[in-house]
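First comes the structure, then the notes that go with it.
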Amino acid sequence: MLKDFKEFIAKGNVMELAVAVIIAGAFATIVASMTSDLIMPLVGAVFGEVDFSDKYIVLSGEVEAGMSLEAAREAGANVLAWGAFVSTVINFLILAFVIFMLVRYAKKVQERFEKEEEAAPEAPAGPTEIELLTEIRDALKK
């Protein structure tokens, strides 16, 4: 396993992986904002001005009616935050779809390049170095 890890690091995959993680983190932030700031308000408007991210069920503890999720947690209540879970699932579905589309596109591009390489006519092979030297030697003998 250590040998494989050394090969992984030596091939430069670590930098590619680090860049991918940084970009994915930034993209996840964008998707989270899109879900909480654009999608969930629209869903809430359809279902009657409801903010799903603040919806919860009190499992134990004392909570006043209409208290926000954060306030209920600060009051020490044990809550089942199903609205936050719905938002997280929507985030995941958006990210999974975008990643699927990227992988699908990359696969199509790779297949296209492979077909172009197969279809490209091979350049006629020129004389080898030995053949050229032999011709030069024969020409000098004349």
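Start at 1 with the first residue, then count along the sequence. In this text the structure is predicted, and so the values were computed from the model without any measurement.
Summarising the hydrophobic clusters (Ile, Leu, Val, Met, Phe, Trp, Tyr; side-chain heavy atoms under 4.5 Å, direct or chained), the residues clustered with Val103 are Ile99. Through direct or indirect side-chain contacts shorter than 4.5 Å among Ile, Leu, Val, Met, Phe, Trp and Tyr, Leu2 is connected to no other residue. Summarising the hydrophobic clusters (Ile, Leu, Val, Met, Phe, Trp, Tyr; side-chain heavy atoms under 4.5 Å, direct or chained), the residues clustered with Phe85 are Val89, Phe92, Leu93. Counting Ile, Leu, Val, Met, Phe, Trp and Tyr side chains that sit under 4.5 Å apart, directly or through other members, Tyr105 shares a hydrophobic cluster with Val109, Phe113.
Summarising the local packing, CD of Glu129 is surrounded by 12 or fewer heavy atoms from other residues, nucleotides or ligands at distances under 6.0 Å.
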Check residues 56-66 and write down every donor-acceptor pair under 3.5 Å in which the side-chain atom is one partner and the other belongs to a residue at least two apart or another chain.
from: Tyr56; atom 1: OH; to: Met67; atom 2: O; distance (Å): 2.6

Cut-off 3.5 Å, no hydrogens considered: what does the side-chain donor-acceptor table look like for residues 132-142, sequence neighbours left out?
from: Thr134; atom 1: OG1; to: Ile130; atom 2: O; distance (Å): 2.7

Return a table of donor-acceptor pairs under 3.5 angstrom between the side chains of residues 17-40 and protein atoms on other chains or two or more places apart.
from: Thr29; atom 1: OG1; to: Gly25; atom 2: O; distance (Å): 3.0
from: Ser33; atom 1: OG; to: Asp37; atom 2: OD2; distance (Å): 2.8
from: Thr35; atom 1: OG1; to: Val31; atom 2: O; distance (Å): 3.0
from: Thr35; atom 1: OG1; to: Asn91; atom 2: OD1; distance (Å): 2.3
from: Ser36; atom 1: OG; to: Ala32; atom 2: O; distance (Å): 3.0

Got a list of side-chain donor-acceptor pairs under 3.5 Å for residues 68-75, not counting sequence neighbours?
from: Ser68; atom 1: OG; to: Ala71; atom 2: N; distance (Å): 3.2

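Listed by chain and number, the residues in a side-chain contact (heavy atoms from CB on, under 4.5 Å) with Glu131 are Pro127, Thr128 (sequence neighbours excluded).
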